[in-house]
Each structure stands twice: as C-alpha cells, then as structure tokens.
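Since the structure comes first, as structure tokens, the remarks are kept for the end.
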Number of protein chains: 2
Amino acid sequence: MAKTSQAAGLHRASLAKLHELDTALELMYYGWRGMTLQADAYLAKQGLSRPHHRILYVVARRPDIAIGALIEILGISKQALNRPLNLLLERKLLTSKRAPEQHRSKLLRLTEAGRRIEQRASDHERQVLREAFARAGASGAAGWIGVMEAIADNN
Amino acid sequence: MAKTSQAAGLHRASLAKLHELDTALELMYYGWRGMTLQADAYLAKQGLSRPHHRILYVVARRPDIAIGALIEILGISKQALNRPLNLLLERKLLTSKRAPEQHRSKLLRLTEAGRRIEQRASDHERQVLREAFARAGASGAAGWIGVMEAIADNN
DNA sequence: CGCCTCATGTCAACTATGTTGACTTGAGAT
DNA sequence: ATCTCAAGTCAACATAGTTGACATGAGGCG
C-alpha cells in the first residue's frame, strides 16, 4: 500500500456531502482513476495512451478481429480509431492481413511486442483490483461484482 | 430495466477472458461508462460536458472556494480550468467575487441555475448507483464500498 | 515611499482524442 | 459491365488537456 500521493484521499474527504450517495459517486470517480493511474503512466513511458491500450486489449482477446468489429466494441467512430490504430501498426505492435477470400476486411493480430505491452498495462490494472479484492475478502468481492454488474447494465 | 441499448452487455460478453480478473477489469470500464452515460447526455443537452460538471460539483460542496483550491481538487492545470470555468461564468451558472481583504483570490459560488444543473446531472449518476445498490442489497453495497475504497487508495 | 517577491490568474500555442462529412476502393449481385 | 454498399481514408473541426510566458496585485522590507 501507499505508493500513493495521499492526495486523492484528501480530496475525497475535502468535499461536503450534499447527498447520501455522494460518497459512492466520488468512490467511483477516484476508483476509476486509481485503477488506471499506474497503467497510464506505464503506457505514457511507451509513448502510448489509453486508446491504444483499449485497442490492444480487445485484439488480444479477439485475434483476427476485423476493424469494423473493433469499432463496434470500442464504441468510437472508425475515424477516431484510425490514428491510434495506424500508430500501433507502424510501431509493429499489431499486424493486419487481408482475409483470405473476404478481401474487404483487414484482420488484426498482436505481435509479440504488442502482446507484451498489452499484458504489462493490463497487469497494472489487474494488480490494483487483486489487492483490493484481497483486502475486502471474498464476500466483499462478490458484493462488488454484483453492484458493478448492475451499474454496467446502464449502457 | 432497459432504457439501455444492450450493447455494452454484449460487448462485455464478446471478449475471451485471458485472466481471471479480466471480468472485473471490464466491469470497471463499463461501470464507469454506465454511471456517466445519462449524466453526459443531459449535460450535452445543456451545452456542457463532464469538466463543467466536475467544476459545478466541487463548487456546490465548497461554496466560496478559490480557484487555486479548485485546481488542486480537480487535479488539472489552471490553464485547463480556464475555459470551462469562464463558460460557466458567462452562462451565469457560477459567480465569482473578490475576497474581502484577500483581494488576490476569486471566490466561486453557484447561482440558482448552476445549482439546478449540478443537481440534475449528479442525480442521474446517483440514480444509477441507487438502483444498483437496491438490486445488490445492503451486504452487496457494503462489499462494493470496501473494494472501491481499496481501489481508490491507489491515487 | 518605492521596490521585490511570489501567489494568483490569463493568454497563446500546441497535442491528443474524439466528432461529422465527403470521398475512394473493391466485392458481390444483377 | 455496372451498381451498390460496406470498409476504409482524408480533411476540417471541437474539446480538454498540456507547457511556457506574461500580467497583476498584496505584503514584506530597504
């Protein structure tokens, strides 16, 4: 614990609570930041950022995915995908090959280097979750999952 | 209960899981989106967006906050604060007045209109949380809080 | 009093991530 | 052959953030 700056904790405490659920709301905010902070720092060191990571994450779990399907999953426009995707191809973290007969679509795969970066970035995030689950115990983890599923349904 | 597009659920299911914690990782991602989606849509209708909401949220809970303290809490540079803040002032959602003797700092407050927008936007987020807690029950909620606190500590 | 310092705040230029709209290209159907 | 439509690219723009340079005004001090 406590490779932290203490700042978030202070900030969390520094606001009056106008509603009962304000605490939960702020936990969500700082939780999101807490999970992604180290991963983002790692990615920045590699000259990448969160959108690149999202692409790598999805392709890792769907080898030979076409660009259209990737767009669908990421929920962004194809134009928004274009630049980060091309960077990943240039940097040879991804390869694209035309499909055998379905010549229309490019199929994406991670290279070894891409896989390594995806794993390390995601590991930073999983490590945060792992520690939190360990601290909260099995019943806490189960409760967390139940609530998060309900929240995530609002998409 | 389904004012939703179903899409996120599908996306969540559509990726192979390479690690045990991938599910939790994706829950965090879609949870964050699920909580903010309706609030963002409401804000967009008002010609505002998330940074404006963050400012309103903090000022609501710290009336007469100075700009420096606001910067500290939001964790962004004063230059980044500048444009959204000026928009809020122009639109008369915030007022700023010079401090009595501490003439150096501007003290910020919400106007009635600002308060109304802050409440409605935050209500959208709290409503999502409220429903999720109701579905998960008291023990689930307690577990969620414990885990989120542990995650949020990584800031 | 006049000047120095320093926190507070502003302006300008840049980067990154996203948007929409218009265009190109190529497969598959007729 | 040609038409159509999905896949993909290019251009222009919006927003949210960055850093750097500068303005301003309070308070300390010669």
Side-chain angles (χ1 to χ4, degrees), chain A residues 29 32-33 36-37 39-41 43-59 62 64-91 94-108 121, chain B residues 29 32-33 36-37 39-41 43-59 62 64-91 94-108 121:
Chain A
Y29 183 76
W32 173 248
R33 295 242 314 220
T36 54
L37 209 65
D40 283 352
L43 288 163
K45 264 191 340 197
Q46 314 300 318
L48 301 174
S49 56
R50 211 175 294 170
H52 304 105
H53 183 203
R54 286 201 304 256
I55 295 171
L56 295 175
Y57 183 94
V58 171
V59 175
R62 284 266 218 121
D64 285 336
I65 192 174
I67 292 186
L70 189 52
I71 285 164
E72 173 80 7
I73 290 179
L74 294 177
I76 60 176
S77 63
K78 58 187 172 180
Q79 297 90 334
L81 181 63
N82 200 16
R83 269 178 293 193
L85 181 61
N86 282 333
L87 178 65
L88 295 174
L89 289 168
E90 271 171 36
R91 301 252 314 249
L94 285 182
T95 57
S96 80
K97 62 161 194 270
R98 290 293 179 179
E101 55 258 14
Q102 259 294 83
H103 193 242
R104 281 196 262 194
S105 39
K106 278 186 186 173
L107 306 186
L108 302 172
Chain B
Y29 183 76
W32 173 249
R33 295 242 313 223
T36 55
L37 208 66
D40 283 352
L43 288 162
K45 264 192 342 200
Q46 313 301 317
L48 302 174
S49 54
R50 208 175 296 169
H52 304 106
H53 182 203
R54 286 201 305 256
I55 295 171
L56 295 175
Y57 183 93
V58 171
V59 176
R62 285 268 216 117
D64 285 336
I65 192 174
I67 292 185
L70 189 51
I71 284 163
E72 173 80 7
I73 290 180
L74 294 177
I76 60 175
S77 64
K78 60 187 172 181
Q79 296 90 334
L81 181 63
N82 200 17
R83 269 179 290 192
L85 181 62
N86 281 335
L87 178 64
L88 295 174
L89 290 167
E90 272 171 36
R91 301 252 314 249
L94 286 181
T95 58
S96 79
K97 61 162 197 267
R98 291 290 179 180
E101 55 258 16
Q102 259 294 85
H103 192 243
R104 279 195 264 194
S105 40
K106 278 186 185 173
L107 305 186
L108 302 171

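Proteins get letters first, then strands, A, B, ... in listed order; numbering begins at 1 in each.
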Go through the structure and list residues passing salt bridge (Lys or Arg N to Asp or Glu O under 4.0 Å) with B/Arg83, not counting sequence neighbours.
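Partners of B/Arg83 under the salt bridge (Lys or Arg N to Asp or Glu O under 4.0 Å) test: none.
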To the nearest Å, how far apart are [X] [atom1] and [N] [atom2]?
| X | N | atom1 | atom2 | value |
| --- | --- | --- | --- | --- |
| A/Ile71 | C/dT17 | CD1 | P | 17 Å |
| B/Ile67 | C/dC11 | CD1 | C1' | 15 Å |
| B/Leu85 | C/dG9 | CG | P | 10 Å |
| A/Asn82 | D/dG8 | CG | P | 10 Å |
| A/Asn86 | C/dA16 | CG | C1' | 15 Å |
| B/Leu88 | D/dT15 | CG | P | 13 Å |
| A/His53 | C/dT17 | NE2 | P | 14 Å |
| A/Ile65 | D/dA7 | CD1 | C1' | 14 Å |

Check the interface with nucleotides 17-24 of chain D: list each N/O to N/O pair with the protein under 3.5 Å, or write none.
residue : atom : partner : partner atom : Å
D/dG17  : OP1  : B/Arg54 : NH2          : 2.7
D/dG17  : O6   : B/Arg83 : NH2          : 2.7
D/dT18  : OP2  : B/Ser77 : N            : 2.9
D/dT18  : OP2  : B/Ser77 : OG           : 2.7
D/dG20  : O6   : B/Gln79 : NE2          : 2.6

Any residue meeting side chain to side chain contact (heavy atoms under 4.5 Å, CB included) with [X], in chain and number order, not counting sequence neighbours:
| X | result |
| --- | --- |
| B/Ala44 | none |
| B/Asn82 | B/Asn86 |
| A/Leu37 | B/Asn155 |
| A/Ala41 | none |

Below 4.5 Å, heavy atoms only, C-beta onward: do A/Ile67 and A/Lys78 meet side chain to side chain?
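A side-chain contact is absent here, since even the closest heavy-atom pair is not under 4.5 Å.
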Should the ring pair A/Trp32 and B/Tyr29 be called parallel, tilted or perpendicular, given that the plane angle runs from 0 to 90° and is split at 30 and 60?
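Taking B/Tyr29 first and then A/Trp32, their aromatic rings sit tilted (interplane angle of 30° to 60°).
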Given pairs defined as Watson-Crick or G-U wobble with both distances under 3.5 Å, what dot-bracket annotation applies to DNA chain D, with ( ) intrastrand, [ ] crossing, | other strand and . unpaired?
||||||||||||||||||||||||||||||
Please list, chain by chain and in numerical order, all residues satisfying side chain to side chain donor-acceptor pair (under 3.5 Å) with B/Ser96, sequence neighbours excluded.
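Listed in chain order: nothing, the list is empty.
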Residue pairs, two or more places apart or on separate chains, that pass salt bridge (Lys or Arg N to Asp or Glu O under 4.0 Å) and touch residues 47-58 of chain A:
A/Asp40-A/Arg50
Find which nucleotide of DNA chain C each of B/Ala66 and A/Ser49 is nearest to by heavy atoms, and output the residue with the more 5' nucleotide.
B/Ala66
